[in-house]
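From a predicted model like this one, the values you see are computed outputs, not experimental measurements.
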Amino acid sequence: MPKPSHVATWPSLAELPSLYPDPRNRTNRGPYLYRAGKAWPLRRHVDTSSRIPVLAVGSNAYPRQLSDKLAGTHADLQGIPTVPAILRDFDVAYCPVRSRKVYIPVTLASRPGAVCLTWLQWLTFEQLSVISATEGSRYALVGGASLAAAADIPDQLRRPRAIFAWWFDSVLARDDSPVWLDVYRPPAQPDVEHAQALPSVLPSDWIEVPREAGELMISEEIMSEIC
């Protein structure tokens, strides 16, 4: 059995926001299973029944960030399978805001003709609710069958009927064009103070998942109906 990585030894984005969204090196960028502060290489099929497939286009793909969000909760013990995903006609853009942790967050956005490299996670209802509470009110959890059709994932996980993702209401722009995240280069935070904001319009056939006002959590009953 492969040895796990202890993610507490990895850089914290709260302490080093310039490393946002994901400072993993090439060795640690394969499929993995996160659980209770540890990440194991994912080399076999895993049971994803009763879980929700959610794209992790930003820091949620980084195991240390998962630990920071889930530590001390029962959800941290339930494991999160994470695999690379390729999306067609979508890409990852910067948001026109600065987070409380100083970095500029990213969002999934439409980009016809693009091929995007990102990550797919399978979350329990409890994990999704905890993570939802960490996402700002300007994010919406959206998706559906057409997003799943746009994604290619490894054979380790079953093919989902629908995929969901966090979608910000606007994107950072320069010269009327979105500022896209370049996954092939080291993170470089763009200039948010002197840039534009363009509205980000959802595809018409996507579902937007309701979140509770205030706490921004998602109920199991709602996800059960949608999935």
Side-chain angles (χ1 to χ4, degrees), residues 1-15 20-24 28 30-85 99-101 105 118-143 153 156-158 160-167 207-227:
M1 182 176 181
K3 293 182 179 179
S5 298
H6 294 263
V7 303
T9 64
W10 297 2
S12 166
L13 296 179
E15 298 172 358
Y20 179 89
D22 187 345
R24 283 179 294 167
N28 291 301
Y32 70 87
L33 176 70
Y34 167 82
R35 183 177 184 272
K38 298 178 182 178
W40 286 264
L42 188 65
R43 296 173 179 168
R44 57 183 178 81
H45 287 273
V46 293
D47 182 12
T48 57
S49 58
S50 301
R51 287 178 177 253
I52 303 99
V54 180
L55 292 173
V57 303
S59 62
N60 286 341
Y62 180 40
R64 172 64 191 266
Q65 188 81 329
L66 290 175
S67 178
D68 289 347
K69 290 187 175 188
L70 299 175
T73 70
H74 183 262
D76 199 32
L77 305 176
Q78 296 168 348
I80 299 179
T82 302
V83 296
S99 73
R100 288 175 295 179
K101 296 179 179 178
T118 187
W119 301 88
L120 179 67
Q121 296 175 325
W122 291 80
L123 305 177
T124 65
F125 293 115
E126 188 174 355
Q127 289 167 342
L128 178 60
S129 192
V130 172
I131 289 175
S132 176
T134 71
E135 304 293 340
S137 60
R138 294 179 66 180
Y139 276 103
L141 183 66
V142 299
I153 62 172
Q156 286 143 305
L157 302 180
R158 66 180 173 87
R161 291 179 297 176
I163 287 178
F164 297 88
W166 294 104
W167 186 280
I207 300 167
E208 181 174 346
V209 179
R211 294 202 285 168
E212 296 176 6
E215 295 182 348
L216 302 176
M217 300 178 73
I218 296 173
S219 72
E220 182 173 343
E221 291 74 19
I222 289 174
M223 290 308 304
S224 296
E225 292 177 3
I226 292 174
C227 296

Exercise. Could you pull out the closest heavy-atom pair between Phe125 and Ser50, with the gap in Å?
Key: CE1-O, 4.1 Å
Report all side-chain donor-acceptor pairs from residues 6-15 shorter than 3.5 Å, counting only partners two or more places apart or in another chain.
residue	atom	partner	partner atom	Å
Thr9	OG1	His6	O	2.7
Ser12	OG	Ala14	N	3.2

Exercise. Specify the closest pair of heavy atoms between Gly30 and Arg24, including all atoms of both residues, with the distance to one decimal.
Key: O-NH1, 4.3 Å
Quiz item: If you look at every heavy atom in Gln78 and Gln127, which pair is closest and at what distance?
Solution: CB-NE2, 3.4 Å
Quiz prompt | Donor-acceptor contact present, side-chain Ser132 to main-chain Leu216, <3.5 Å | solution = yes
Quiz item: So, Ser129 side chain and Glu126 main chain: donor-acceptor pair closer than 3.5 Å or not?
Solution: no
Quiz item: Under a 4.5 Å cut-off applied to non-hydrogen side-chain atoms, are Tyr139 and Pro105 in contact?
Solution: yes
Exercise. With the side chain counted from C-beta on, respond yes when Pro41 and Tyr32 share a heavy-atom pair under 4.5 Å apart, and no when they do not.
Key: no
Quiz item: Once you round to the nearest 0.5 Å, how far does CD of Gln121 lie from CG of Leu55?
Solution: 9.0 Å
Quiz item: Heavy-atom distance under 4.5 Å between the side chains of Ile80 and Leu70, does that happen here?
Solution: yes
Quiz item: Should Trp167 and Glu208 be marked as a side-chain contact (heavy atoms from CB on, under 4.5 Å) after you check the CA-CA gap, both sets of side-chain angles, and the distance that decides it?
Solution: CA-CA 10 Å; Trp167 186 280; Glu208 181 174 346; over 6 Å; no
Quiz item: Do you know the tightest heavy-atom contact between Thr118 and Ala56?
Solution: OG1-O, 3.3 Å
Practice problem: List the atom of Pro210, the atom of Ile218, and the distance in Å for their closest heavy-atom pair. | Solution: O-CG1, 4.0 Å
Quiz item: Distance-only, no hydrogens or angles: does the Thr48 side chain make a donor-acceptor pair with backbone N or O of Arg51 under 3.5 Å?
Solution: no
Quiz item: Going by heavy atoms in the side chains, are Trp166 and Asn60 under 4.5 Å from each other?
Solution: yes
Quiz item: Pro53 and Ala162: which non-hydrogen atoms are nearest, and at how many Å?
Solution: CG-O, 3.0 Å
Quiz item: Heavy atoms, side chains only, cut-off 4.5 Å: are Leu141 and Glu135 in contact?
Solution: no
Quiz item: Is Pro23 close to Tyr62 at the side-chain level, that is, under 4.5 Å between some pair of heavy atoms?
Solution: yes
Self-check item: Side-chain heavy-atom pair Tyr34, Gln65 within 4.5 angstrom cut-off
Solution: no
Quiz item: Rounded to the nearest 0.5 Å, what separation is found between the CH2 atom of Trp119 and the CD1 atom of Ile153?
Solution: 13.0 Å
